[in-house]
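Convention: sequence-line order gives letters A, B, ...; per-chain numbering from 1.
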2 protein chains.
Amino acid sequence: MSETDLPSPPWDRNRRRPAPAKVPLTRDRIVDAAYTVLDREGYDRFSMRQVALELGVAVSALYVHVANKDELFELMYNRTFVGEELPDPDPENWQEQIKEFARRGRARLRQHRDLARISMAHIPFTPELLPHVERLMAIFRSSGMPDLVAAMAGDLLSTYIEGFCLEESMWLERYRDMDEETWETKRTEIMNYFAELPPDRFPNMVAMAPYMVDESNDYRFELGVDILVRGLASYIPAR
Amino acid sequence: MSETDLPSPPWDRNRRRPAPAKVPLTRDRIVDAAYTVLDREGYDRFSMRQVALELGVAVSALYVHVANKDELFELMYNRTFVGEELPDPDPENWQEQIKEFARRGRARLRQHRDLARISMAHIPFTPELLPHVERLMAIFRSSGMPDLVAAMAGDLLSTYIEGFCLEESMWLERYRDMDEETWETKRTEIMNYFAELPPDRFPNMVAMAPYMVDESNDYRFELGVDILVRGLASYIPAR
DNA sequence: GAACTCAGTGAACACTGTTCTAGCATGAAC
DNA sequence: GTTCATGCTAGAACAGTGTTCACTGAGTTC
């Protein structure tokens, strides 16, 4: 920081302008800053002005590189899965390969705050993701399931992953600024709510209450993937 | 419409005020208007001012009945499934009962533009929905699957329904203001895109291309539900 | 050294959600 | 039948939003 960072006095505005940034603005730098802002502010408070502020740049400068806010979100979404590698299809082991794919997908979506929300709002058909989808399809087809089912399987699985992460993040967001203690209070509140429902009108809810709050998200996610994989497996014709 | 609907001249503003609406403003009327605005403008252009305009009322009047925009969305969401009835559990027929539940859920979410988006953004745990969830759980448990699986099944199924409808509505939204002809052009464009991928690098995509565009959404939805139900059924211990 | 290109600027536009003060019309109280 | 309180509603205002625009000024090309 030098004294040239100070704002120039008004009578001087038309003579001296701040020197342009040494580092030129690029799409990549904008996306970097956008992630920083997203993590700090969350989806609802994310704004182009915040991104510009983060970069120390005028808002309008962003629009030279990015068409609009939506395109910026798309760029962020596209980066979500870069570098992710899928293994070569192993027909004996396709179920575990798919489960691992799901786990890594969830991990990626948890890397940034509210990323699941952005992801859910975009159709995953960009050129950047094509090789990824290709390898996923390879694994499904290697299992021997009909092509029609394999085509559906990709959609089904990514809908599940994104949907699960979205719900997860909404709970996280709701209790974001709570300390451990109030969170524990809230937890027992929810538990009590289900436990104290009239058992004659809600016998099933009361019976299932423990499973709804006790189980960890990790376990629930795993169970969901297993149900999906079993359903897919049921379509593989016996040899 | 009478001449009293004309705006009063400025010099008269402090004497004559427009008579208050004969029909008092209620939450229900606001939600009605909100749905009208949503259908006309879509989620992105939905605003409190538009709702007020629709009712012929000042914006601030809305805030007497509704805490904020988010609560209004919640009210809209809560209304989505009112009146929907689930049958008594029939253990021999639980699979068809669940499928019917899914179909009706999709139909409801398609009743209003962008409703899937609102639905996805809300956690379905409101008092209004409790009896609904209770009956759904009753059906799952009647099948004989473990309680842990049944608890997961509800989440899994509604995630699928909402996710499917969301993706469906995004495609719909994207091609909303296209006529039949340009839509058909776009369709073949997509088809060609997949067909013209280099077959050595994308053998699976090329092979699956027909299934990705040809199948109707209805059929795809049905297939997805069937995969889910089969996965759930695999957890039922043999008698 | 002059001409040109173009990323970046600040101001502006047309909106948004939300809050505030203040006034109207209705019901109850006397 | 007048007064009072109360609940709804209006209008203006605040602080913010995405996006556009004419205009700089540094760097490159001729």
Side-chain angles (χ1 to χ4, degrees), chain A residues 4-30 33-34 37-38 40-76 118 121, chain B residues 4-30 33-34 37-38 40-76 118 121:
Chain A
T4 56
D5 288 356
L6 292 171
S8 53
W11 60 84
D12 214 29
R13 284 266 165 80
N14 290 330
R15 291 208 304 114
R16 290 203 306 137
R17 286 294 195 96
K22 292 99 209 165
V23 189
L25 210 52
T26 62
R27 283 180 151 227
D28 266 335
R29 284 191 60 220
I30 293 177
V37 171
L38 187 68
R40 185 185 345 115
E41 305 288 336
Y43 184 88
D44 287 322
R45 298 195 171 189
F46 179 97
S47 77
M48 298 300 269
R49 274 167 170 88
Q50 287 288 331
V51 176
L53 211 78
E54 181 69 29
L55 289 161
V57 133
V59 204
S60 45
L62 301 176
Y63 285 87
V64 177
H65 305 271
V66 164
N68 49 36
K69 193 182 179 182
D70 231 49
E71 195 188 91
L72 179 51
F73 278 143
E74 210 164 304
L75 291 176
M76 294 168 80
I118 296 174
Chain B
T4 57
D5 288 355
L6 292 172
S8 53
W11 61 83
D12 215 28
R13 285 267 166 80
N14 291 329
R15 291 208 305 114
R16 290 203 305 139
R17 286 294 196 96
K22 292 97 208 164
V23 190
L25 210 51
T26 62
R27 283 180 152 229
D28 266 333
R29 285 190 61 221
I30 293 176
V37 171
L38 187 67
R40 186 183 347 114
E41 305 287 337
Y43 183 87
D44 287 323
R45 298 192 172 193
F46 179 96
S47 76
M48 299 299 270
R49 275 168 170 89
Q50 287 287 333
V51 177
L53 212 80
E54 182 69 29
L55 288 162
V57 132
V59 206
S60 45
L62 301 176
Y63 285 88
V64 177
H65 306 272
V66 164
N68 49 35
K69 194 182 179 183
D70 230 50
E71 195 188 271
L72 178 51
F73 278 143
E74 210 165 303
L75 291 176
M76 295 169 80
I118 295 174

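Distance B:Ile30 CD1 to D:dC8 P: 11 Å, rounded to the nearest Å. Residue B:Tyr63 contributes atom OH, which lies 17 Å from atom C1' of C:dT21 at whole-angstrom precision. To the nearest angstrom, C1' of D:dT17 lies 13 Å from OH of A:Tyr43. Note: CG (B:Leu62) to C1' (C:dG17) measures 11 Å, nearest angstrom. Atom CG of A:Leu72 and atom P of D:dT17 are 15 Å apart (whole Å). With rounding to whole Å, A:Leu53 atom CG is found 12 Å from C:dG10 atom P. Nucleotide D:dT17 holds its P atom 17 Å from the CG atom of A:Asn68, rounded to whole Å.
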Restricting to nitrogen or oxygen on both sides, can you table the protein-nucleotides 14-16 of chain C pairs closer than 3.5 Å?
residue: C:dT16; atom: OP1; partner: B:Ser47; partner atom: OG; Å: 3.2

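Partners of A:Glu54 according to the side-chain hydrogen bond (donor to acceptor under 3.5 Å, both in side chains) rule, which considers only residues two or more places apart in sequence or in another chain, are A:Arg40. For A:Asp28, the side-chain hydrogen bond (donor to acceptor under 3.5 Å, both in side chains) partners two or more places apart in sequence, or in a different chain, are A:Arg79.
Across all non-hydrogen atoms, the minimal contact from A:Glu41 to A:Gln50 is OE2-OE1, 3.9 Å. Closest non-hydrogen pair, A:Ile118 versus A:Met76, comes out as CD1-CE, 4.4 Å.
Comparing D:dT19, C:dT9, C:dG17 by their nearest atom to the side chain of A:Ser60 picks out C:dT9. If you check D:dA10, C:dG8, D:dT9 against the side chain of B:Ala58, the one that comes closest is D:dA10.
For B:His65, a side-chain nitrogen or oxygen approaches OP1 or OP2 of D:dT9 to under 4.0 Å.
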task = Verify side-chain contact (heavy atoms from CB on, under 4.5 Å) between A:Leu75 and A:Ile30, making sure each step is shown before the conclusion.
result = CA-CA 10 Å; A:Leu75 291 176; A:Ile30 293 177; over 6 Å; no
inquiry  = Test side-chain contact (heavy atoms from CB on, under 4.5 Å) on A:Leu72 and A:Phe46; report intermediate values, then the result.
reply    = CA-CA 11 Å; A:Leu72 179 51; A:Phe46 179 97; 4.0 Å; yes
